[in-house]
Number of protein chains: 6
Amino acid sequence: MVYITRREHFNAAHRLFRSDFSEAENLRVFGKCSNPNWHGHNYILYVTVKGNVNPDTGFVVNLKALSQLIRERIIEKLDHKNINLEVDFMAGQLTSTENLAIAIWEELESEIRKMGGILHLVKVEETENNSVEYFGN
Amino acid sequence: MVYITRREHFNAAHRLFRSDFSEAENLRVFGKCSNPNWHGHNYILYVTVKGNVNPDTGFVVNLKALSQLIRERIIEKLDHKNINLEVDFMAGQLTSTENLAIAIWEELESEIRKMGGILHLVKVEETENNSVEYFGN
Amino acid sequence: MVYITRREHFNAAHRLFRSDFSEAENLRVFGKCSNPNWHGHNYILYVTVKGNVNPDTGFVVNLKALSQLIRERIIEKLDHKNINLEVDFMAGQLTSTENLAIAIWEELESEIRKMGGILHLVKVEETENNSVEYFGN
Amino acid sequence: MVYITRREHFNAAHRLFRSDFSEAENLRVFGKCSNPNWHGHNYILYVTVKGNVNPDTGFVVNLKALSQLIRERIIEKLDHKNINLEVDFMAGQLTSTENLAIAIWEELESEIRKMGGILHLVKVEETENNSVEYFGN
Amino acid sequence: MVYITRREHFNAAHRLFRSDFSEAENLRVFGKCSNPNWHGHNYILYVTVKGNVNPDTGFVVNLKALSQLIRERIIEKLDHKNINLEVDFMAGQLTSTENLAIAIWEELESEIRKMGGILHLVKVEETENNSVEYFGN
Amino acid sequence: MVYITRREHFNAAHRLFRSDFSEAENLRVFGKCSNPNWHGHNYILYVTVKGNVNPDTGFVVNLKALSQLIRERIIEKLDHKNINLEVDFMAGQLTSTENLAIAIWEELESEIRKMGGILHLVKVEETENNSVEYFGN
């Protein structure tokens with residue numbers, strides 16, 4: 001088993017809030033992240049795939065193909081977008097980094113299996129101080 | 001003359017667009033940065049101050065005081081905010097990184113002179129690939 | 001299970017040595033790290049907490065609260081301090097990065113459980129080339 | 001169990017290709033990485049060793065000795081070299097990052113056991129976007 | 001005057017040597033960088049353009065257009081290439097980082113003037129420890 | 001004129017204080033940096049040398065020789081040392097980053113001239129947030 005990781009990034013706006021909360025409650029629970037006028041981040045995404053090395057290529061999976069998959073399925077939908085309003089796979093969810101990592105996993109897992117790899121880890125860095133890792137359940 | 005630099009950061013939403021442009025024109029000129037639903041960045045701000053070293057302290061200016069000034073005048077107003085809608089010193093301006101750097105310079109220059117230093121450079125990194133520097137005019 | 005990581009940092013002095021060793025023995029075992037006049041580092045601390053995502057907040061634990069806990073329990077005691085002389089939870093120990101990571105784990109584990117999370121990993125980077133990870137025993 | 005990691009780096013040339021492929025086939029499978037005139041990278045190598053902390057030193061293993069071992073066995077052979085042509089432990093192999101990580105593991109494992117540690121992970125970063133991890137089989 | 005900087009990167013092989021030197025002389029002057037089998041780097045390129053801010057766009061020059069220009073004129077020719085053998089604008093030159101920075105400047109200067117900006121700086125990082133800056137003559 | 005920069009680093013302890021100040025005064029002026037038990041940093045040093053490119057080598061100065069000079073004159077004296085107590089060229093001075101940068105300049109300037117280059121800039125990063133640049137007077 002070898003693990004390969006591809007790093008991609010996207011810049012997006014979001015807001016943490018619940019519509020069933022008052023603005024004061026949102027502020028208490030989510031702090032300045034609940035700003036009704038949005039804020040944003042340069043998110044960094046790491047996708048780790050595991051598998052055996054194909055002796056014909058020396059690859060677990062082709063990294064160029066993996067990068068293309070991540071861009072089509074994830075980056076195209078998130079980059080320069082509003083995560084709360086415009087991203088189909090986040091619809092109806094709190095846009096925490098935790099939920100984002102889980103949703104990205106759900107989008108990628110079966111596609112990566114079709115490429116011959118096993119999705120191992122989705123890591124999302126929201127800032128250089130805050131990150132989330134999801135290994136599936 | 002010695003130059004000291006303080007690094008701070010803020011996470012904000014913005015959008016590049018002109019209200020006198022059609023959506024198609026905005027898209028042509030500003031690309032995906034014109035998304036009406038906003039996007040955002042983890043901005044990094046570098047403020048460089050020059051001056052002589054005070055022999056009593058070994059400092060050009062006290063970095064703790066400089067950091068506090070930048071936070072009060074700049075970071076408090078930008079962090080987790082929408083630059084187009086909520087930042088007084090950007091009101092009515094295109095929120096390009098260029099204009100942001102110039103506006104931060106205007107906010108800081110006289111305050112830094114009061115501290116005994118001379119503002120030399122405001123540098124704003126929008127992403128790890130794009131940055132702007134302003135040395136005054 | 002989702003894993004969230006908070007990054008904090010502290011700047012401290014320390015020295016690797018044993019009082020039952022001669023200066024020559026300390027030099028042989030610990031090299032220049034045994035300098036009797038101390039040296040220091042910009043340490044970077046990563047604390048990873050695992051848990052289920054709370055559906056009410058989208059969080060494993062509130063990162064702001066986690067950051068505050070780490071600052072109160074760890075950073076306040078280490079930052080701009082001498083690890084050998086001034087840090088209660090390192091008293092009587094060799095101040096290796098290994099022992100530091102274990103001690104930070106001991107300080108944080110039960111507190112994080114009170115927050116509703118499970119401490120998964122304490123990582124301490126002493127330099128960009130040297131780091132230690134502790135996952136508990 | 002504590003895990004310590006040492007970071008080293010090397011700059012090398014390589015090429016992905018199979019001699020039983022036509023140039024067109026190599027281009028299709030390996031893309032621009034198959035350039036017959038070579039290309040190169042600043043590789044970053046992370047070696048993680050696990051073990052118990054030696055109470056006499058506070059160390060899992062002595063990091064200076066670990067660094068020296070990695071330099072003698074790995075870096076000396078790879079730095080400023082052509083991985084396809086000049087590196088004994090890569091002879092006859094596709095020079096993918098996957099194969100490189102496995103080969104470095106094979107070179108280091110028994111040597112690290114002699115030092116009293118257990119090799120846990122070899123991580124090789126080819127670029128800031130692409131990396132491979134190998135934990136043994 | 002405002003200065004904007006675009007960061008791009010390329011991975012290439014090269015070798016420092018003079019054909020009128022013996023192998024021993026090349027080794028004495030250029031050290032391991034003269035390896036006849038080549039070595040390589042992940043080069044990072046920073047291009048800084050100065051100019052006035054266009055009040056219609058908020059831009060000095062359009063960064064997307066600048067990025068495209070750098071990719072077409074520079075990155076396409078250098079990425080995954082052998083700088084000694086395959087790069088027209090380096091033909092017949094020692095492939096030092098100094099000469100590379102000057103040659104990139106020559107390729108870009110007039111093109112950037114056509115875009116309405118003034119090339120201010122070409123910076124090339126060969127490794128995280130070594131870099132070169134050229135401001136024109 | 002071309003500018004080349006070499007990056008080196010050193011880990012050291014220090015303290016900001018004046019012996020003619022009371023402990024309370026030191027605390028007021030220098031904050032936690034005045035801790036009598038010392039603290040420390042992983043300092044990063046950048047030395048920039050300017051000059052014409054030597055057509056025989058493609059170099060402004062030989063970077064290996066420059067690195068060796070910096071190590072002998074600066075790093076050997078600072079690394080794993082106490083800047084207040086052990087560094088000859090800082091004797092009797094406040095160990096601010098400003099004074100450190102100036103002192104390093106004084107140590108290097110004539111030596112670099114002997115190598116055929118002109119010292120242009122000494123930059124010292126004390127932390128990722130604080131740095132000082134000195135261009136001579």
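Chain naming here is simple, since letters A, B, ... match the order of the sequence lines and numbering starts at 1 in each.
Other residues, nucleotides and ligands place more than 12 heavy atoms under 6.0 Å from the CZ atom of C:Arg18. Under a cut-off of 6.0 angstrom, the local environment of CZ in C:Arg7 is crowded, with over 12 non-hydrogen atoms contributed by other residues, nucleotides or ligands. Shown here is C:Glu25, whose CD atom has more than 12 heavy atoms of other residues, nucleotides or ligands within 6.0 Å. F:His9 NE2: 12 or fewer foreign heavy atoms inside a 6.0 Å radius. Within 6.0 Å of CG on C:Asp88 lie more than 12 heavy atoms contributed by other residues, nucleotides or ligands.
Salt bridge absent: C:Lys32 and F:Glu86 never bring a charged side-chain N and a carboxylate O closer than 4.0 Å.
The shortest distance between side-chain heavy atoms of F:Lys81 and C:Asn37 does not fall below 4.5 Å.
Judged by distance alone, the side chain of C:Asn42 and the main-chain N or O of F:Glu126 form a donor-acceptor pair under 3.5 Å.
For C:Asn82 against F:Asn35, the heavy-atom pair with the smallest separation is N-ND2, 4.1 Å.
Each of C:His41, C:His14, C:His80 was compared with F:His39 under the ring-ring contact (aromatic ring centres under 6.0 Å, His included) criterion, and only C:His80 meets it.
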